[in-house]
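Right, one structure below, let's go through it.
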Amino acid sequence: MDSQCVSILPRVCGVLLVSGSSLPDDTSLEKLLDWFTTVAQTGPSLLEACPCLVDFVSKVAFNYASGSSILSFTLKLTGLIGASEDGFKVLKECSVLKLVFNPQHWQEAGLWEDPCLRIGWIQGLKMILQHSEALSFFAQADLIEPLLQLQTDPSLFVASAANQTLAQVLLLCQSLSSVGHNGSKNRDLEHNSVSMETTQNYSGIITKVSEYLNKSVVLKEISQLPGSQQILRLLAMLLVRVGPPLRDTLLLAVMNSLEELVTTSCSQLTVPLLDVILAANSGLRDDCVPKQRLIRLLWAMLNMKKPDDVMQAAAAVLRSHQSDPALSAHSARVLLLPLDIVTGVSLLDENSTEGELRILITEQLKRKSCISMICVCLSNIPQITLMASDRLPCPQRLIVTAVLLLLRLCCVDSSSSSPGCVEVVRFITGNSKVQKCALEALLVLSKSPGVKMVLVEVFKVLTEYLNSPSSDPSVLQKSYQVVIKWVGVCPDLSCITDQLREGFIQAVRKRACDTRWEARDSTVEFLGHLVEVPSCWTFTEQETEPLDVLLGGRRFTVPLLKEALQDPESYVRASSISALAQTLAPSWQDGTALTQEQEDIVAQLQEVLFQDSEGFARRAAVKYFTAWFSACSSPSSCWLLMQSMPTVLSQGVADLDWEVKLHTLELAELLLDRAFPDPSPSHSYAVMSDQDHRLPIAGQQSDLLSSLKNLVDWGVVSALLCGVVDCDRPVALKACQLLLKLRGIVCPVMDNAADTRVFCQLAGASVLQQVRKIQEIGKDTHVVSEACSEADEEGICASVDPECVGVCEVLRLLDLDEKLSILTQSSDHIYNSPLSLLQDILTAAAASSPPGQDSRQELVMDCY
Amino acid sequence: MKLYCLSGHPTLPCNVLKFKSTTVMLDCGLDTTSVLNFLPLPLVHSPRLSKLPGWVSKDGSLNLEKELKECAGRVFVDSQPEFCLPERELLDLSTIDVILISNYHCMMALPYITEHTGFTGTVYATEPTLQIGRLLMEELVNFMERVPKAQSATCWKNKEIQRMLPGPLKDAVDVWTWKRCYSMQEVNSALSKVQLVGYSQKVELFGAVQVSPLSSGYSLGSSNWIIQSHHEKVSYVSGSSLLTTHPQPMDQSSLKNSDVLILTGLTQMPTANPDGMLGEFCSNLAMTIRAGGNVLVPCYSSGVIYDLLECLYQFIESANLGTTPFYFISPVANSSLEFSQIFAEWLCHNKQTKVYLPEPPFPHAELIQTNKLKHYPSIHGDFSSEFRQPCVVFTGHPSLRFGDVVHFMELWGKSSLNTVIFTGNYHTDFSFSAEFINQSNLILKLILFDLIFLSELNFHQVSKLLKEVQPLHVVCPEQYTQPPLTQSHRSDLMLELQPPPMPYRRCSVLNLPFRRRYERVYILPELANSLVPSEVKPGVSVATVSAVLQSKDNKHTLQSVPKAPPVAPSKKRKRVMEEPPMTMAPKPLLSGAVPLEAFLATLQKHGITEVKVEETADGHILHLQAEDTLIQLEEDGTHIVCDNNEPLRATLRDLVLRFLQKL
């Protein structure tokens, strides 16, 4: 820990003690606590590091006048100190512990009403409960009672923290008792007696908790609903976290109450109740008695009278992947019922047990609330498809048919009707929520076995959605995703007839001209994604790309995407640039000759880089070149690509948007890697920096020289030099790292070769100035070897062009290592340091104290 | 109160309301769907149309080669197009007192009604309705007269022959009543009968009812009408819109408390949302132009076109259509575009405020200024020299049977690159046009939009509106009481009300289900002065009136009875006519109740002791056993039943009267 911090901490404590002294802001105490926590975790002990804290704690404990936030802070701090056994002993010795954690103490002072204090108490308690000493203290002080009372505190934060703490108590009991059992043999008599006592403590606590839970789970009146929900959540949490013996105890204790609660069937409790049952159920062996009772409870919940509750229960059962096959099969049936009723596709055979539920759900579907029910049904279809096929109520193919019919019913322009529930149509038609859920379900169902035959149907429905004027942009986007998914999994697309294709092409073409930019954007993205769908086989066993089958290939998409480059919305322009990169990637990989079209695109992209007013498009443009460069097997042979590089790099690094600059540097990195392909070149060169290796170096030198010249020609070096002085930290950092890399490669070899100087042009006067400035500083502050300094002088000054700098010289002169260390620290590292925090607290206190007094002096007096 | 329904068309209504001795015609829309049975009138000779084969029945027995032509399996009448008029046999149209026009689309049959039927009444309409209506009529006449057709086909109308024709000609109804278009002279004469009104202006009709137009939000100057007397209110809702387009917003609150609401002009394509459809219009347009095709938008020369142009104004730049020419061709194109800019007071608030800037309220002014939108009276003349493709053309008539649109259909119909975008109510009006294109070997792309719905209420809006205004009864075309044929599963696309709406169809006569129960009568001050009210219960005072009721111009007044002049001493014979009415003092009216206990006590005082009281549902029966007399005391009457004992009856009557008040 910083010694400076230690030295001013007592003064800070003094400031905190004086009630009413203002803090710089209300997070200061939290920050202080965070710092203490770090100290406690990293250092030897908090008290060793900051011995003044005990004094502070005891003073506050006896002084009610401190503000509630200070009190709360102190309680938490006490917990933090007491978390270690040593700290606990110290606190116990100065009898602070009993006082601080005695609720009576605070109640008498009239401070217990403040939730701020209660939360401090709970959190302090939670922190302290780390060892057996603390648990003994907890048991002896009988703190379980107040803790239980706080479980349903009116303040949600308090109640939630109390829940957590209770869980902590039980977990501690559990871990200590297991240690007690295992280690009892090796312990002496005294220890044994202690452990006996502790075990009694544990069982006392556990009994109390069990009784409490059993009593409070049952809902007596509706006003207790929030409390009940809280308790159920706590129970669910406990059942997940505690181990078998304790878990069984808790479960047995509350089982009767749970059974009672299920029969009251209160809708608001359905979800938390299910969570409890499922949490309890997940870890139990099949043959144990509670398991049977739990299964019975689940059945009871699946047979409740309110369809919404039943659906929720079924969904929860299915999600929990619990093992009872009958239960999950029934849940699946329940979840599919609305779909069955709405579409009239008989997904479920007639089953008398569901007769009543069917009637209830049918009634519900005639009301507007049917939307949420249908959405629950649809959003659980993925879970249903995960079930083993022999447990499914019907083949997945049928579910697909039903979802397709539902989608048709939802489509405004569709005239299809269903043999199912007619009344529901008015609510779901044009409802984009249902449409999206159904499309999502269809997306998942693409994986189902044996559904490939319905591809044509799927395709028709999706075309209908893409065509419909009333489709919401989000629905269009989802439809496109479904197309991609289905086309991706279907090995044979020969069923897509010319007529279907024509309809689809028209729809896509229209959406590319949509008035809503979101629709245009999704369309453009779709065109890009479609290229990446793997090839498929037609019936003539020819390999074809889905893009060709659906849209007639790049002939169709490239002109559309080029149009989109002119779009008024920058997102669409950006997407079209990315989509063009995706579309052209295969031809780049193959090294196919460039077309006039591609040349046009490059010209347009350069224009985007120069003129586009929005960052998105410019970022995409730089990425396009990155994608091109990385896809190209031999970029150097692609004249257009290499010719564009200097423009892209110089323009990109001078952009206003830091992401564009960063992307440009990533492109520069690619070029750098390509120029020096060895993955660890610095290492191999580094060992041969002596004159002994002059001969082999000569060969390397010439290679390096040509590579470096290439880099300079492509504009990589000037881009990096521009970047390193950039005001955006991530940009400067990246550039700095790359320059370091370059230095590692180049300098060791080129050091002594004065005749191999490479000059680099720096665009932009300000950049040049900055580099010069750094050079000046470099000269002043660093000892440069005699041999180099001459070269440097010449390197920098001898160039005829004042905008030129020698690469190696600059690399050496710039203190890149120092720059890197500065850049790697976050920009606010100074402001967020503990020292700064402590100073802030002192300054704020000084500012608020009355003038004419030396407050600092007084505080010191007070503290010591 | 009766409603005579002269048109079955839900959006082109023509109804007559008889209400309190007035006869009011509500709109007179012209059903133009009849023209779909006729061949188009090309402006320029069309080899395709002129080469169509004549129709001969299969067995050759019927030869109407000259009148009927076959095109792609359908038979069309080769003659000047004719219109189906509102029904004229249902009632004597000369008895109509006034005609209320709600918007310019619903007045196209006006000359047929006001001319040659003996109509002597007045037509009420707002100024934009009159002016734009005149433009539309002018355009219609112009379209017809520009391409005169000597031949007038009548043989096919013969009932015997018609029966043997293929459908849909076979099923056309009342073909004998179909009429050719009116002349400009008739238009002028008809429109001279129009009296202008402003929104919320109250017009008295014969003192019996008051009519008043309300803004309906449908088009410039469009109105709904309130027809009310002192105690009854009938609302007539024609083309209305709740969307924010260019006209003044709809006035809903004034429709409240109606006894009857007559509902017409709902959209038949209620499913799509307007923004989506407008967006779709734009994207189809852009798509066609980008692919090098032309776009033809058959439309009326006023109304939705303003909104379309406004929408395109925003879209042109963003879709890179800056260089594409937009043409608007109509004999009245110029007037229509300019009229729209001058009726500022009839526009929505946003557009009104622009006028004070000052700026033209509609952005099409800027489109014209920047030469993006050009308008021409016809395809002849300047247009032919400046015509550039690909382009977008707005022109009429939407039926595709006459007007400049016919030329473009012939010109562009043969390429699938071109698109025709219908913005009319195609479900009802021009589905045949669509079919016609499909069947006429024309391969241009056809897109149907109901953009006319931009200005029509849909069912969801109507249910909300009705919930808000809560009329006692709703009358509507029968089409609104069942889902559209194409979407029979959509039970939400119909009116479901409680009590159910009363449907009407062409030629229906409806007895509107409410009785007039009150009439307002005035009392002259001196008569009122002479009245002596007496309080029968707290807050309610009653007085008897003896007066003379005078009724004139549907106004009723109570006047004092003139005193009988002293009988003249002369012995001249009095003239019966001058004799003043006899004045007789009215019998006093009784009120109050007879308290049983007190009454029994009084009876006892008068020596009647043997009284047996029997309780009944309405009161009591007192049996005076000694006198063998019954007294029935009921809530609304007292009877004394006593045989042949008049003195006793009189005594008992007086005893009862003691307890009652006299007026």
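Worth knowing before you read on, the calculation uses all heavy atoms, side chains too, and leaves out hydrogens, waters and symmetry mates. A, B, ... follow the sequence lines: proteins, then strands. Residue 1 opens every chain.
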Practice task
Would you indicate whether B:Lys464, at its atom NZ, is surrounded by more than 12 heavy atoms from other residues, nucleotides or ligands within a distance under 6.0 Å?
Solution key: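 It does not: B:Lys464 NZ has 12 such atoms or fewer within range.
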Handout entry: CZ/A:Phe556: more than 12 non-hydrogen atoms of other groups inside 6.0 Å
Key =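 Yes.
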Practice task
Using non-hydrogen atoms and a 4.5 Å limit, figure out which bit of A:Arg520 sits close to chain B: side chain, backbone, both or neither.
Solution key: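 It is neither, since no heavy atom gets under 4.5 Å.
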Practice task
Under 4.5 Å heavy-atom distance to chain B, tell me which part of A:Ala519 shows up: side chain, backbone, both or neither.
Solution key: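 Neither the backbone nor the side chain of A:Ala519 comes within 4.5 Å of chain B.
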Exercise for the section: Please say which of A:Arg509, A:Lys510, A:Arg516 ends up in a side chain to side chain contact (heavy atoms under 4.5 Å, CB included) with B:Ser283. Expected result: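 Only one of A:Arg509, A:Lys510, A:Arg516 forms a side chain to side chain contact (heavy atoms under 4.5 Å, CB included) with B:Ser283, namely A:Lys510.
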Handout entry: CD-CZ distance between B:Glu496 and A:Arg426, expressed to the nearest 0.5 angstrom
Key =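 If we round to the nearest 0.5 Å, B:Glu496:CD and A:Arg426:CZ are 5.0 Å apart.
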Exercise for the section: State the OG1-CG distance between A:Thr515 and B:Leu312, to the nearest 0.5 angstrom. Expected result: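 Rounded to the nearest 0.5 Å, the OG1-CG separation comes to 11.0 Å.
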Practice task
Might you point out which heavy atoms bring B:Glu280 and A:Asn467 nearest each other, and give the distance in Å?
Solution key: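 It is OE2-O, 3.1 Å.
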